[in-house]
Structures are given as structure tokens and as C-alpha cells.
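In the text below, chain A, chain B and the rest are named by the order of the sequence lines, each starting its count at 1.
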Amino acid sequence: MAIERYNPRVAEPYWQKVWDERKLFEADNDDPAPKYYVLEMFPYPSGRIHIGHVRNYAMGDVIARYKRAHGYNVLHPMGWDAFGMPAENAAIANNVHPGEWTHRNIEMMRAQLKTMGLSLDWSREFATCDVGYYHRQQYLFLDFLEKGLVYRKQSKVNWDPVDQTVLANEQVIDGCGWRSGAPVEQRELTQWFFKITDFSEELLDALGELDQWPDKVRLMQKNWIGRSEGLHMHWQLVAETAPPGQSTLEVYTTRPDTVFGASFMAIAADHPLAVKAAGSNPDLAAFCEACRRMGTSVAALETAEKEGFDTGIKVRHPFDADWLLPVYVANFVLMDYGTGAIFGCPSGDQRDLDFANKYGLPVIPVVMPEDGDAATFQITEQAYTDDGIMINSRFLDGMKPKEAFDTVAERLETAQLDGNPQAKRETNYRLRDWGISRQRYWGCPIPIIHCPNCGVVPVPKSDLPVELPHDVDFEKPGNPLDRHPTWRNVICPQCGAEAERETDTMDTFVDSSWYFARFTAPWEDAPTDPEAASRWLPVDQYIGGVEHAILHLLYSRFFTRAMRIAGHVDLKEPFKGLFTQGMVVHETYKGTEGWLMPSEVRVEEHAGKRRAFNVESGDEVAIGSIEKMSKSKRNVVDSDEILDSCGADAARFFMLSDSPPERDVIWTEAGVDGAHRFVQRVWRLIGEAAPAFKDVEARPATSGKAEALSRTAHKTLKAVGEDLDRLSFNTAIARMHELVNTLQSPLQEAAAGQAKDEAALSALKDAVNILMSIMAPMTPHLIEECNRAMGNEQLMAETPWPVFDQDLVVDDSVTLPVQINGKKRADLTIPRDADQVAVERAVLELAVVQSALAGKPPRRVVVVPLRIVNVVI
RNA sequence: GCGGGUGUGGUGAAAUUGGUAAACACUGGGGACUUAAAAUCCCCCGGCUACGGCCUUGCCGGUUCGAGUCCGGUCACCCGCACCA
């Protein structure tokens, strides 16, 4: 009997409404069931949901539905990372208020997300630009300030000339702004900072416990935090050569073992000693100025020659008062790492060697390979940086560098210079404090007042929120808050004097550093309900792009620790499991007029050759490389188009099939069509056979056919469970295809009324129910429809995950491949419980084995139980 | 430069601890049904073959009864960091 095609346009909205009305996906904070928090990184409301979002949210939804079917109390919320620059750019371009633009986009994207049928708890939705949210963020800022985790200082900052704002170090990629792509400039500004460096060691150490994070991400964070063990040394300045009042030069080094290879000192252009020396030396002053101007762009760094300027100042070697070394100002020494000064050991560092060769400084080899000859070992063009043995280093000679390191450290720690130890061991980190001030309007205002009498005054909590004014203009570049006529004028809460508000807003990465905690009780007056937060957190499975490996994921780890100190949560690590999914990529098409969108192109394939044509003009267009979807290459696929033609289930199914989730997936029309056909096929098979199951009751699988069906179904059930547990969606889908292939002809027979075997029919019904259960997380609408056709009362979304039957997943007999000298020659089917001796005997009786042996005994027979047999001749 | 990853059919890929390489799917080809098309269903699809087999997981070598998987070397591509002392 033919049935109507499955129509997602009717079925999908219908089931979404049913789920919605029953509030199935709203999490209850008081539910005693074990909790499971699954979260996808919340989207920036840029305007449209694209197919990359579909993949991201489909994965999270499968996990959420799968865990819900296992009886977990699942929290799966959604919100909007809604502050940020694009809203201001849109405001400038279209003369629309950033808030209005943002809210319009949210409306649109929420509607799109809802058509995907995601099992989200919409009752907890918020946007970070809601006053209700940033109010509590200001509250957190004040708490952090009180706990000494926020401070203000003047510093050199990364200035993005296009976005006209400051960027954190993490937001400078290859010397350019992460959003604008413009080369970053250096400026001196007074900025607010979060003291993330207080946690350097802890953030690094705790990475070891994040065993459900990708190694790659942990490694990236480790490198970013950049711990190094070294020695902080004081070198004595030769008094006659030094500026007045300066007696020592402090240096940080990770290679104190090479101290006898030192041939010069180098200091940053901003180093106090350089500044002093430049005061009486115009040429030096000019050199320092040139260093500062050089900038930090990649191009500048790569082409810039290592240059130095001899200050004329000399230092004494710590182990030889008669050994004097020159002090240079060098353009490659950074003021903000270590002490802004180094000692140069040319033989052990390529950069120092290049510098020494350029300025004719001595090169003394101090480490040589263990099989080297100290008398002849020389360094000329290539520094030696490997492990080895110390030479030319007096009391260190013959030691390994590690031992020499400790020896030098011990000697200098006990030696005195001007009454202080001459050196101390020090651990340094590359991580800098997080500068959060942004000179933008569309962000969370920093709740601070600048009073002429009292200085920096925090806004009292009772005066929060500091709301953004609505009446702003974007006519001129820069921060509209800065030139607002009234907003910034305020009375000092301490002395009542006329004062001014801080007009900087917070970096939007602050917004996303605690939203996951707010979701646990978004109605609370305080930033969190600490009890609820501690119950739900950590997020059990967090899903998002690897591009946040450092920025967002490091900030959130810091924030959670800071919130703990302020009493808002009781844990340190926010994300227990992290999964970084791959991107959705697509071919690019370029016609004579420029890039074309996939929807504007028709691709034809003949005899293995693919050609693309402009749909409108019919002209052939060039097929370009497969790339990340971007507006510039126009290779974006909008979710609406796909959802409209194939439905949410097919789109979700395709996004999860084929490619493993951590890898990039190529979006193809053919791929979605395939998924769509599969959806239709499942509907047709189940829908047409359903009436045949009407009065079929559960009964034992007495026939061979029944048992075979049950075995296949239960094996699949087990395998899919294991696949989903490790987020291997693509292999889970392969198992589903296999099961459908197996069930196809029995279902067709049942539909045709030809199935006479009652036991087999019962087993088939059971198999269909299993199939529906395992497919439900991926294609929930389709399965609800099938489930109804099967006459099941309970919604599939409320049906528990079936338990596989242990007896059905283990066969009584096994088929082993039989190898002769490692090449497969036969199969042997034997009882599962046959012992090794029996297996060996059966193998040796096989005709192929007999003829290969030709009467001689085998050299060896390797029997791997339940796997393989190898006969070695 | 430093650190990490990946390389398997025409394509996406599978092979969870060393144990039948290519499951599952896409594309393509052939057939059935149809007046025809769509849809659907069936078959074929790594290479060579004297039809016995032989070769095949970037390349070269090693360990092993047995290597896509482990080890050494090498090439290519991708990602992250990068004047960090």
C-alpha cells in the first residue's frame, strides 16, 4: 500500500509545537535526577543562521536528546553574544541603533533556530546586551575590584586604528586586529585590567586534569601561558661608565649555564637604564626613538635587522670582576618580558650569534656535543642549542647544562651584591594581564566614576545598573559615550562633587566568560544562584569552534576562578568536556563578474569532469578551491533554503553523517539530497509496514528469521550507543543505514501482508522500535511521525533509550579468518567457546591448510581467540 | 625558527587494544518498472591478472607469526605560536 511522502513542512512545525506545549525541554533546577549540562557556544547575532551553525547545534542536540532518553535532567539553553562591533558598524552604515539592529537579528535567528527542532530550553534565553545581564556583569566587576582582581594602569596597548579601540594580546593575530585585520599600533593609554596572571600557574597546572578536552587545545593554552624556569640575576655596573644612581643591571635568563659564553648585554629601548643613558647621548636617544617607532607588525618584525647601539656602559661578569662586558640597546629586546634586559651568549642562541657577528663581539662556545673535541669545537654561523657538555666554563667544565644551571644558581643565590643575593630562581610566564577597556559604545559600561577629589570611585552596587544611553550618534569616529552631552556627568557617590563616568566599555569576551553560569539561574537578582550554579556546573559537554581555543576558553577558566573567590560559584573549571567541531566548507565559484553564490550556480558532471554554469546567463564559471564559508567568497549556504526544501531532519542528518565531527565537512547538494532520500525511505518503509504491526504482541524469537532480526537490531543498538558516547556521529549513522538495509525486505513483505511468521513479525516490530529510538536524536520529527504511525502512545521525545539484550549481541559461533604465513586463505566457523586446541585442530584439517603443509608439521600456529588464526609454515 | 596534527579508492570516509584494509555513504556505470521522465528497486564500481592469484593505506627502511596502526628516516599539506631571553 503506497502512502504519502513524508512532508517535513507539515510534520516539523507540528511536532515542534507538541514538544513546546509539553515544555519537554525546560530544565527544572529541583529535579532530583542526575544532571547533564550540554552547551554549544552561543552565537553572535550577525543576522542569519548559516549551515555551520546547523552543524554545531545539531551535534549538541543529539547529545541532549540522547542524554535525556537516558533519564538525565538535561540543561540545554540558548542565548546571544550580543554586544560587539558589527552592531556599531551597521549603525554607522544604515543609520540604525545598534540595539535595534541586534534585536532584529536575534528575532530572525531565533525563528530560524526554532525551525531546526532543537531540544532547547528557551525559557532561560537571554542576550548579553540585556540590561538584566550586563547589570550583573557590572556587579561581578565590582566584586572582582574588591578582591583585588581588577586594576587600572597606564600601559602600552594594542590599538586597532580601524575599529578605533584597544585589543587584548589574545586578540592580535599576526600583528593585526582579530576583527578588522588592520595592522595594530602601539599606544600609551590608561586601561582596566583583569589579573589573569594571578592564576598563571594554576591555569597551567589544571590543564592536566581536563582529560575530556582535546590535547590540541590544552597544548595551545599551555604554550600561550608560556611558563619558563630561569634565574633573575643582578650584574654589577662599572661605576665610571654608568649613569649616576645606577649600580646594577637586572637580567632574566633561562640559560644561566651559559654564563661564561656571555659577550654582551642587551636592554630594551624603553629600559630605565637606556632612557637615562639616552639623556646624555643624542645619538642613543635617536636610536631608541627609532626602535619605538618600528612597530610590531609581522612584516616589520621579519624584515627588521637585529640592531644595537653601544651605550658605553659596562658590566662586570658575576664570576670574574676583571671581565667587563658592553651594554647595548637592542631593537629585539622586549621591555614587558622578564626584566627587559638579557645577557647575550652568541654560541648558544642564533639571534645572539647574529648580533655578535654583526658587531664583532666574541663568540665563546660553552656547550658542545658529547662526542665533540673541546680543543677544536667552534661556533661561526650556527649556534649550538642542543644538550651536550660544558666547555670553556671554568668550574662548570665537564658538566651537563642542567647540572651547570643548578651550580650557577646555587652560587649566585648565596653570593651578595650590594647586600642582596646576586640572583634568585624565578618562574616567568608569557601570559599578560587581560586588558578589558574598549573605547566603544556597544558593550557593558565599566561601573566606575572619576572624581576630581576622590579619584577612581566604584559605582555603589545599589546604583547599578549603569545603563547605556539610547540617544547616541555615530556621525564621528570614536566612542559616542565620550561625547554624549549628559550621560557622563554624574555626582560623586563619595563626596558629592561633580564627577565623570568611565566611558570605556568592557571587552565583549567578558560577556561570554560567565554566560554558562548565568544560564543555571537567569532569574536571580545576584549574578548567580551559587547553589544552582554549583549543581549544574561544570558544563558536561561544551561544543564550539577551535578558534576559541585560547581566547574564550582561557578567559572563562579565569573568570570561573575569580567568581569562586567572590563567592558566586564553587568550582574552578567551567567546562568538563570540550569538543571542537570542524567547519562547514564549500566550493567557490568565480564568474566574469566575480564570486557567485552556490545557489546561483548549476554544476554538471560528465565522464568524471565537473563544470559549473551561471544559472541566469548560462555562462560557464570557474570552480575554485574548497574554502571556509565567507561573505567575501560568497560560498555561504543559508539554512533557510535547505530547511525549506529538505527539512530540518535531512539537514541535521547530513551534517552529522560522512565526516567525523572534529573534521571539516564539505557541503554538497548531493549530500543533503542523499540524506533527504534516506529520510523518505525510512518513512516509506515504516509507514507502509506499520498497519501490519497493529495487533502484533511481544513474543519470544522462536524462528531463525526472528532471531536473526533481533540479533541485528540489538547489535546495532549497542554499537550506536557506543558511537554516541564518543560523539562518533558518522559511524552511528553508518550503523543506522545498515539496520535499515537489513530491515528493508522484511518490512516490504510485512507491508504487502506476506509476513506469516508471527515470531518474525514480533521481532521486526521490536527492531523498528529500536531503529526509531536510535534515529530519534538525529531526526526527531521524522521519528515522531513514524512513532505515531506505529501506534505508540508515548512521544518519542519521552521514550527511554532501549536496553540491548546481552544474549542477542553475542553469537554462539564465530567465523575466524585463517591465514597461512600472514595471508588470508580461508574462513573457519566454530563454536564461540571452542578452546585453542580445538581451533588449532580444526584449522589443520582445512583442505587449503593441508595442501599448503604437504604432509609436514607447521612451524607455528598462532591462535588469537575470537579474532584470527595464522599458520606459519 | 619552535610546537602539534594529517596523509587510505573518483569523493566523504571506516577499521576502539597490532589481527579479514576499503564498512557506510556520495558520485558514476548498467539493468528493471514507465509511452516518457521523476521517484523507486536490483547489480557493478582500488589496480593488475596467464583467472591460480598478485599488488595496494604519501615514500624508504625496521620490529613482528602478522603493521593503515608501533619504531627510525623522508616528502607533502594543514594548524597554532613566534624577536619570550
Figure out the [atom1]/[atom2] separation between [X] and [N], and round it to whole Å.
X	N	atom1	atom2	result
A:Q748	B:rC42	CD	C1'	11 Å
A:R430	B:rC83	CZ	C1'	12 Å
A:K222	B:rC79	NZ	P	23 Å
A:I342	B:rA85	CD1	C1'	5 Å
A:M335	B:rC84	CE	C1'	14 Å
A:R825	B:rG53	CZ	P	7 Å
A:R351	B:rC2	CZ	P	15 Å
A:I666	B:rU11	CD1	C1'	8 Å

*Please work out whether B:rG62 sits syn or anti, treating a glycosidic angle within 90° of 0 as syn.*
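Anti, since the glycosidic angle lies more than 90° from 0.
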*Could you check if the base of B:rG9 is syn or anti? Syn means the glycosidic torsion is within 90 degrees of 0.*
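Here the answer is syn: the torsion falls within 90° of 0.
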Sort me out a list of protein N/O and nucleotides 22-26 of chain B N/O pairs below 3.5 Å, or just none if empty.
| from | atom 1 | to | atom 2 | distance (Å) |
| --- | --- | --- | --- | --- |
| B:rA23 | O2' | A:E738 | OE2 | 2.9 |
| B:rC24 | O2' | A:H737 | ND1 | 3.1 |
| B:rA25 | OP1 | A:N741 | ND2 | 3.1 |

What is the nucleic acid contact for [X], judged by heavy atoms within less than 4.0 Å: base, sugar-phosphate only, or nothing?
X	result
A:Q350	nothing
A:E722	base
A:R663	sugar-phosphate
A:V333	base
A:L219	sugar-phosphate
A:R227	nothing
A:Q744	sugar-phosphate

Can you tell me how far [atom1] in [N] sits from the matching atom in [M], rounded to whole Å?
N	M	atom1	result
B:rU57	B:rA21	P	12 Å
B:rG66	B:rU20	P	15 Å
B:rU74	B:rU6	C1'	16 Å
B:rU64	B:rG19	C1'	12 Å
B:rU69	B:rG58	C1'	16 Å
B:rG3	B:rG73	P	13 Å
B:rC43	B:rC24	P	12 Å
B:rU35	B:rU27	C1'	30 Å

Using a 3.5 Å distance criterion without hydrogens, assess whether the side chain of [X] forms a donor-acceptor pair with backbone atoms of [Y].
X	Y	value
A:R430	A:W224	yes
A:Q221	A:A549	yes
A:R432	A:Y429	yes
A:R832	A:L866	no
A:R55	A:G582	yes

_So for atom CD, which belongs to A:E381, do other residues, nucleotides or ligands contribute more than 12 heavy atoms lying within a distance under 6.0 Å?_
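At most 12 heavy atoms, drawn from other residues, nucleotides or ligands, come within 6.0 Å of this atom.
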*Take the angle between the ring planes of A:Y555 and A:W434 and call it parallel below 30°, perpendicular above 60°, tilted in between.*
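The rings of A:Y555 and A:W434 lie parallel, inter-plane angle below 30°.
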*asked:* Side chains of A:T197 and A:D433: any donor to acceptor distance under 3.5 Å?
replied: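 Looking only at side-chain atoms, A:T197 and A:D433 do form a donor-acceptor pair, the distance falling under 3.5 Å.
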*When you check the side-chain N and O atoms of A:R681 and A:N741, is any donor under 3.5 Å from an acceptor?*
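Side-chain D/A pair, A:R681 to A:N741: present.
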_Per-nucleotide pairing state of RNA chain B [Watson-Crick or G-U, under 3.5 Å; [ ] pseudoknot-crossing; | other strand]_ = (((((((..(((......[....))).(((((.......))))).(((....)))..(((((..]....))))))))))))....
_Using the side-chain heavy atoms of A:K216, tell me which of these nucleotides is nearest: B:rA82, B:rC79, B:rG12._
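Nearest listed nucleotide: B:rC79.
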*Choosing from B:rC84, B:rC55, B:rA14, which nucleotide comes nearest the side chain of A:K823?*
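The answer is B:rC55, which lies nearest to the side chain.
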*Establish, with yes or no, whether the OP1 or OP2 oxygen of B:rA85 is under 4.0 angstrom from a side-chain nitrogen or oxygen of A:Y337.*
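Yes, within the criterion.
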*Is the ring centre of A:H317 less than 6.0 Å from the ring centre of A:F260?*
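Yes, they do, as the ring centres are separated by less than 6.0 Å.
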*If you round to the nearest 0.5 Å, how far is OG of A:S813 from CG of A:L828?*
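Rounded to the nearest 0.5 Å, the CG-OG separation comes to 10.5 Å.
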*Given RNA chain B, 5'-ward residue of the pair A:G226 and A:A719, judged by closest heavy atom*: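 Closer to the 5' end of RNA chain B: A:A719.
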_Nearest heavy atom decides the nucleotide; on that basis, is A:Q819 or A:G822 closer to the 5' end of RNA chain B?_
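Of the two residues, A:Q819 wins.
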*Which of residues 857-873 of chain A sit near RNA chain B, with a heavy atom under 4.0 Å from it?*
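Close to the strand are A:R860, A:V862, A:V864, A:R867, A:I868, A:N870, A:V872.
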*When A:Y328 is tested against each of A:F355, A:F287, A:F343 for ring-ring contact (aromatic ring centres under 6.0 Å, His included), which residue passes?*
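Considering A:F355, A:F287, A:F343, a ring-ring contact (aromatic ring centres under 6.0 Å, His included) with A:Y328 is found only for A:F355.
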*asked:* Tell me whether A:R351 is salt-bridged to A:D354, with the criterion being a basic N under 4.0 Å from an acidic carboxylate O.
replied: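 Answer for the salt bridge query: no.
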_Where A:N730 and A:S659 come nearest, the two heavy atoms and their spacing_ =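 Nearest pair, atom of A:N730 first, then A:S659: CB-O, 3.7 Å.
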